[in-house]
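What you see is a predicted model, and the numbers here were worked out from it, not measured in a lab.
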Amino acid sequence: MRRFYRSLRVAALLLLAASVFAQGQHPISGRKYAGVMGAAGADWLVRPERAEEEQRDKAIALLGIARGATVADIGAGNGYMTWRLAERVGPTGKVFANDIQAEMLEMLRRNMQQRKLRNVETVLGTYDDPRLPSNSLDLVILVDVYHEFSEPQKMLRRIRESLKPDGRLVLLEYRAEDPAVPIRPEHKMTVAQVKTELEPEGYRVDRVLEDLPRQHILIFQKNP
């Protein structure tokens, strides 16, 4: 009898492990999801060499974001990209800074206060819902974030609902096509992977820009 119950426990553990594994990879592309960086790693987001490696100001300039636009920075962390977006859209624009970690958003709020930026609203989202206002955003940007989503399909559907009819979704992802990019494989994506995962969720590719040293800029619009 004891052996029988032990077998049941083993079977249950195997079933649980299979369930967790199934949740850990994309059902279409088979890509394994990366883990989310915790607030303890926030210093890495503001490392001095990041400016040269990622060239955020250049990325924003390439996107041509209009003054007065309403944008969202999903996975905003401590605000490395948020303050640049806030300055770009100006006082008549607005930035929704989203993250699933309250500690990150507290750091972000302090960052915005130090920079005297008042056009940023923080939003505590969940792993499957960014909790953004519907049909309101000119642009949603995900900087080195999409590959960490544990529920990417649900997130993409919610993001789509938040975009205006002509709104854009922008992903910045390290190039998996280039083995010289010194990032762990699970934190890189190919253009083909991104298209494979986004197109079934009602998005179409507008442009793919390769102007940055290590990252793709992938610009999508939502289908009617």
Side-chain angles (χ1 to χ4, degrees), residues 34 36-37 45-46 50-51 53-90 93-101 104-105 108 111-112 117 119-125 129-149 152 155-175 187-189 191 194-195 197-198 201-222:
V36 175
M37 175 183 287
L45 298 175
V46 291
R50 190 178 185 189
E53 292 173 357
E54 301 185 2
Q55 299 184 9
R56 290 289 174 255
D57 294 328
K58 181 176 183 179
I60 290 177
L62 287 167
L63 293 175
I65 302 170
R67 301 284 287 181
T70 302
V71 306
D73 183 8
I74 293 185
N78 53 14
Y80 187 81
M81 192 71 167
T82 306
W83 70 263
R84 291 172 167 83
L85 291 168
E87 288 188 346
R88 177 76 182 195
V89 301
K94 185 169 185 177
V95 180
F96 290 94
N98 158 279
D99 208 280
I100 61 172
Q101 300 178 79
M104 284 290 199
L105 292 179
L108 185 146
N111 191 356
M112 299 307 114
L117 293 168
N119 58 343
V120 176
E121 179 178 335
T122 57
V123 181
L124 182 63
D129 187 352
R131 293 178 173 169
L132 297 170
S134 62
N135 198 35
S136 301
L137 301 175
D138 297 295
L139 182 140
V140 173
I141 190 165
L142 311 174
V143 180
D144 304 331
V145 169
Y146 173 76
H147 64 269
E148 296 184 351
F149 287 170
M155 285 290 284
L156 288 171
R157 291 163 195 166
R158 295 298 188 193
I159 292 169
R160 190 176 185 278
E161 292 171 0
S162 73
L163 287 169
K164 294 178 181 178
D166 59 348
R168 296 179 292 165
L169 170 61
V170 177
L171 277 65
L172 271 68
E173 290 287 346
Y174 280 96
R175 297 186 187 97
H187 290 276
K188 299 196 287 185
M189 293 190 71
V191 172
V194 177
K195 290 180 179 179
E197 296 184 16
L198 267 67
E201 304 305 328
Y203 295 90
R204 66 183 185 276
V205 178
D206 179 27
R207 286 181 295 161
V208 178
L209 306 178
E210 301 290 5
D211 300 71
L212 302 183
R214 298 180 176 181
Q215 293 160 299
H216 307 293
I217 301 177
L218 301 111
I219 304 171
F220 290 83
Q221 292 186 317
K222 65 178 186 178

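- No side-chain heavy atom of L156 sits less than 4.5 Å from a side-chain heavy atom of F149.
- Taking CZ of R160 as the start and CD of Q221 as the end, the distance is 11.5 Å to the nearest 0.5 Å.
- In this structure a side-chain-to-backbone donor-acceptor pair under 3.5 Å is missing from Y80 to R56.
- Within the model, atoms CD1 of I74 and CG of N98 stand 5.0 Å from one another, a figure rounded to the nearest 0.5 Å.
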Checking I60 against M81 for the side chain to side chain contact (heavy atoms under 4.5 Å, CB included) test, could you report, in this order, the C-alpha distance in whole Å, the side-chain angles of both residues, the deciding distance, and whether it holds? CA-CA 9 Å; I60 290 177; M81 192 71 167; 3.5 Å; yes
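- The backbone N or O of N78 lies less than 3.5 Å from a partner atom in the side chain of N111, making a donor-acceptor pair.
- Side chain of R88 to main chain of I65: a donor-acceptor pair is present (N/O by atom type, distance under 3.5 Å, no hydrogens or angles).
- Atoms CD1 and CG, on I219 and L62 in that order, are 8.0 Å from each other to the nearest 0.5 Å.
- A donor-acceptor pair is defined here as one N or O able to donate and one able to accept, closer than 3.5 Å; such a pair exists between the side chain of E173 and the backbone of H147.
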Using the side chain to side chain contact (heavy atoms under 4.5 Å, CB included) rule, take V194 and V208 through it: C-alpha gap first, then chi angles, then the decisive distance, then the call. CA-CA 11 Å; V194 177; V208 178; over 6 Å; no
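- Without hydrogens or angle criteria, R175 side chain to V191 main chain gives no donor-acceptor distance under 3.5 Å.
- Minimum interatomic distance between L163 and Y203 (heavy atoms only, all atoms of both residues): CD1-CE2, 4.2 Å.
- Between F220 and I159 the shortest side-chain heavy-atom distance does not fall below 4.5 Å.
- Between D99 atom CG and T122 atom OG1 the span is 10.0 Å, to the nearest 0.5 Å.
- The two residues V120 and A86 have their closest heavy-atom pair at CG2-CB, 3.7 Å.
- Shown here for L105 and A97, the closest heavy-atom pair between the two residues is CD2-O, 3.7 Å.
- Summarising the geometry of A59 relative to L172, their closest heavy-atom pair is CB-CD2, 4.1 Å, with the distance given to 0.1 Å.
- Here CG of D73 is found 5.5 Å from CG of L85. Values are rounded to the nearest 0.5 Å.
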Could you go through H216 and M189, starting from their C-alpha distance and side-chain angles, then the distance that decides it, and tell me whether this counts as side chain to side chain contact (heavy atoms under 4.5 Å, CB included)? CA-CA 9 Å; H216 307 293; M189 293 190 71; 5.8 Å; no
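- When each of D138, N135, T70 is checked for a side chain to side chain donor-acceptor pair (under 3.5 Å) with K164, only D138 meets the rule.
- Using a 4.5 Å cut-off on side-chain heavy atoms (C-beta onward), T82 and L117 make no contact.
- Salt bridge E161/R158: present, at least one basic N to carboxylate O contact under 4.0 Å.
- Proximity of L108 to M104: side-chain heavy atoms (C-beta onward) are nowhere separated by under 4.5 Å.
- Contact between H187 and A34 at its shortest, heavy atoms only, is CE1-CB, 3.6 Å.
- No side-chain donor-acceptor contact under 3.5 Å links R168 to the backbone of D206.
- Of the N and O atoms on the side chains of D144 and Q215, at least one donor lies less than 3.5 Å from an acceptor on the other residue.
- Between S136 and P133 the shortest heavy-atom distance is OG-CB, 3.7 Å.
- In this structure the side chain of V71 never reaches within 4.5 angstrom of the side chain of I141, judged on heavy atoms.
- Taking CZ of F96 as the start and OG of S162 as the end, the distance is 9.5 Å to the nearest 0.5 Å.
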Carefully, step by step, assess L212 and R214 under the rule side chain to side chain contact (heavy atoms under 4.5 Å, CB included). CA-CA 6 Å; L212 302 183; R214 298 180 176 181; over 6 Å; no
